[in-house]
Amino acid sequence: MDVKNNTIDALNQPDFFEGMIPRKTTSAQAEKLEDGEVNPFTNKPFSKKYKTILQGRRKLPVHDQRENFLSLIQSSQFVVLVGETGSGKTTQIPQYLVYNELSHLKGKQIACTQPRRVAAMSVAQRVADEMDVVLGQEVGYNIRFEDFTSPKTFLKYMTDGMLLREAMSDHTLSRYSAIVLDEAHERTLSTDILMGLLKEICKTRKDLQVIIMSATLDAGKFQKYFNDAPLLNVPGRTFPVEVFYTSEAEKDYVEAAIRTVLQIHSNEPEGDILVFLTGEEEIETACREIKWEGEDLMRQNKCGPLMVVPLYSTLSPVAQQKIFAAAPVGRPGGPPGRKIVVSTNIAETSLTIDGIVYVIDPGLSKQKVYNPRIRIESLLVSPISKASAQQRAGRAGRTRPGKAYRLYTETAFDEELLEQTYPEIMRSNLGNVVLQLKQLGINDLVRFDFMDPPAPETLMRALELLNYLGALEDDTSMTKTGRLMAAFPLDPQLSKMLIESPNHKCSNEILTITALISVPPIFVRPRGAEKPADAAKAKFVHQDGDHLTLLNAFLEYKKNERNPQWCRKNFINERSMKSAVNVRKQLLRVMEKKGLAITSVMGNNRFYSTIIRKAICSGYFMQVAHREPSGHYATLKDNQPVVLHPSSSIKSKPEWILYDEIVLTSRTYIRTCVEVNVDWLFEGTSDYYTDLSSFPNCDGKRALEQVIKYRKRSGDRKKKI
DNA sequence: GAGCACTGC
């Protein structure tokens, strides 16, 4: 019955798009449909809410540019669009494309990428409302762990990483008729690769429309890169922000920031304050101090009440919500109450707080740096760029005119700050990126058209790593192993370990360990509760190392998953654990799809620890430190002195330690470690240790040479027998 | 004897 009705409906459905030729439409045609009574995409009457929203959309700055936009895309495959905050570009441009492409009539889609998941989800919801459709139907989103689309979907918001993953199995992105790269100025790894890829794809796919959207004024670079693409500039809708500089450089920026907060609080009219600092510890200290000093001022009746809220990503969602609370109210006629948010960079892009009128910017942030010489990624407090400073200041002008206090001199701003932060691709270890590019069919990486090419040495390091892992041949072509590794959303060492684990009959355990390593730390150690936290962790400790400790904690968690108190009592980060469960599920699906066997050793083999650690070696054999005669450790590959991280479960001082990562903080630590037997390093599929000539001279190398000699002798003896 | 800026698949 229903089917029949639907058929009749379909037959009776008026051809709303009659007379509209894809890519030759006008804004008048589109607006006529938008102003109609019936939704042309669902054939249902438009709701009242739709009409209200439509009025608002027509007032957005980007609306005035609709016809301009259409004429640009109709004459150029690439278009660069610069739109400041409040222009409406993210919600409107994809809809303008919908009416111009008419992709839904030919079974194609329009994609709009975002660097962050929450943005993809929330914008998709907003646009579904604007188009008067149910989210997940005509308009949907696709992020990791969640594909909220249907066969009807023709407009899709997604993370840039998700589109990149799709490109790995569909090299021409054939299901899309148009792709919008939003927030391109953020220059994430994925955006940069996508830009290079789209430039390449468009050489053969002349039917693919590409829009690059950016918030900065640095559009020239994007235009030039995309074959001198035309530019559309859309003004934003923000309030002016007055910028102040210090007359001299500040020695102690935290102290200066606190002082500025208190000055604003006692002298300036109502309005909340946002302070940018670099990390958790700094933020917590500053919050305590501001609270203490502020209460003192209040007792002297000089100021109104203040509420101080820290903000950083590792904070629980509940704690993060506090930034949206209303400022405390001052006494009638008295000085105003004020909210003060002390935040990391997270408030620069990811989170927007309304009501901020004052911004304090010391001009610093923690930034990732990669040193290809010692092959270490680390975080370093570094000066921000001019673009970042501008973005930070802009946070003061979202609801009314604001003020930004830069805790550095104007000369420093002009002469010392870079225009833009170096793109991530120039600051990262590229192991994963290179594997992805190879999987995307890019064979010649050196000649790949990066917008900003990474350092050749970084590329060399990545190729070398992938070659040792057996992912690339000596001529850098991809191996079967490499293709298998690329199927997993993991770093190369992890994916190698995972795909080798069935050979060790412990893939079930390695799956868990892999998931736990790829999420934020599950063990928490709150300030002031270090002792009970350590005691709780001690119950999970496996003396052979941290990977096994992680595994123990996971297994206990699974037993107690339904007990809501368990995580808190055991100082386990529930968010991380849940995330690990999710990641594990996803990895398991890929394993099954690729026909990799799932087998367990725990519970039926008393040598499980040895077996699991051997499996870990199959991916991490290059990350081993040796105990030198002095008692200190040094890495084998670089003879880099390192210290076992104090959080490690390893309490003895074994001769050989395999580590997951090196962290450069107060010292050079190796973190997440297991004790290994040197013989296991020779038992894998790699020949990394057969030729030691390129190894730095150190005690570890001499020890290895001894082992090789011994193994050779005993091997010869075995042959004779 | 300890610090994880922030994202993403």
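Both backbone and side-chain heavy atoms feed into the values below; hydrogens, waters and symmetry mates do not. So that the names make sense, note that chain A is the first sequence line, chain B the second, and so on, each numbered from 1.
Not a single donor-acceptor contact under 3.5 angstrom links the side-chain atoms of A:Arg667 to the base of B:dA2.
Between A:Ile425 atom CD1 and B:dG8 atom C1' there is a gap of 14 Å when expressed in whole angstrom units. When rounded to the nearest whole Å, the span between CZ of A:Arg671 and C1' of B:dG1 equals 14 Å. When the P atom of B:dC6 is taken as reference, atom NE2 of A:His185 falls 18 Å away, rounded to whole Å. The distance between atom NZ of A:Lys368 and atom P of B:dG3, rounded to the nearest whole Å, is 19 Å. Rounded to an integer number of Å, the gap from CG of A:Asn142 to C1' of B:dC9 is 11 Å. The CD-P distance, from A:Gln367 to B:dA5, rounds to 13 Å in whole Å. Separating the CG atom of A:Leu664 from the C1' atom of B:dA5 is a distance of 15 Å, rounded to the nearest angstrom. Taking atom CZ on A:Arg116 and atom P on B:dC9, their separation rounds to 12 Å, with Å as the unit.
The phosphate of B:dC6 (OP1 or OP2) has no side-chain N or O of A:Tyr312 nearer than 4.0 angstrom. Note on A:Ser313: a side-chain N or O is less than 4.0 Å away from OP1 or OP2 of B:dC6. The phosphate of B:dA5 (OP1 or OP2) has no side-chain N or O of A:Thr278 nearer than 4.0 angstrom. A close approach under 4.0 Å does occur between a side-chain nitrogen or oxygen of A:Thr665 and OP1 or OP2 of B:dG3. Taking only side-chain nitrogens and oxygens, A:Ser666 comes nearer than 4.0 Å to OP1 or OP2 of B:dG3. For the OP1/OP2 pair of B:dC9 and a distance below 4.0 Å, the side-chain nitrogens and oxygens of A:Thr159 include at least one atom meeting the criterion.
If you check every strand for non-hydrogen atoms under 4.0 Å, A:Leu164 touches nothing. Among the atoms of the strands shown, base atoms are found under 4.0 Å from some heavy atom of A:Asp534. A:Phe488 comes within 4.0 angstrom of no nucleic acid atom, judged by non-hydrogen atoms across all strands. Across all strands shown, A:Arg525 has heavy atoms under 4.0 Å from base atoms, whether or not it also approaches the sugar-phosphate. Within the 4.0 angstrom heavy-atom criterion, only backbone atoms of the sugar-phosphate kind lie near A:Pro115; the bases stay farther away.
Minimum atom distance to the side chain of A:Pro489 is reached by B:dC9, of the listed B:dC9, B:dC4, B:dA2. Between B:dG1, B:dC6, B:dC4, one nucleotide has an atom nearer to the side chain of A:Pro646 than all others, and that is B:dG1. Counting only heavy atoms from C-beta on, A:Leu379 has its side chain closest to B:dA5 among B:dA5, B:dG8, B:dC6. Closest contact between the side chain of A:Ile346 and the listed nucleotides B:dG3, B:dC9, B:dC6 involves B:dC6. Of all nucleotides listed (B:dA5, B:dA2, B:dC9), B:dC9 comes nearest to the side chain of A:Met162. Relative to the side chain of A:Glu280, the nucleotides B:dG8, B:dA2, B:dA5 differ in distance, and B:dA5 lies closest.
Test A:Leu380, A:Thr344, A:Asn345, A:Val381 against A:Lys366 for side-chain contact (heavy atoms from CB on, under 4.5 Å) and you get one pass: A:Val381. Each of A:Glu284, A:Glu282, A:Glu281 was evaluated against A:Tyr312; a single residue qualifies, A:Glu284, per the side chain to side chain donor-acceptor pair (under 3.5 Å) test.
Map A:Arg117 and A:Pro521 each onto its nearest nucleotide of DNA chain B; the residue landing nearer the 5' end is A:Pro521. Nucleotides of DNA chain B nearest to A:Thr314 and A:Leu490 differ in position, and the one nearer the 5' end is that of A:Thr314.
Counting only distance, with no hydrogens or angles, the side chain of A:Arg392 and the backbone of A:Asp361 share no donor-acceptor pair below 3.5 Å.
No hydrogens or angles considered: nothing links the side chains of A:Ser501 and A:Ser507 as a donor-acceptor pair under 3.5 Å.
The aromatic rings of A:Phe554 and A:Tyr557 sit tilted relative to each other, their planes meeting at an angle between 30° and 60°. Below 30°, between 30° and 60°, or above 60°: for A:Tyr408 and A:Phe413 the angle between ring planes is below 30°, a parallel geometry.
By the 4.5 Å heavy-atom criterion applied to side chains, A:Phe276 and A:Thr278 are not counted as neighbours.
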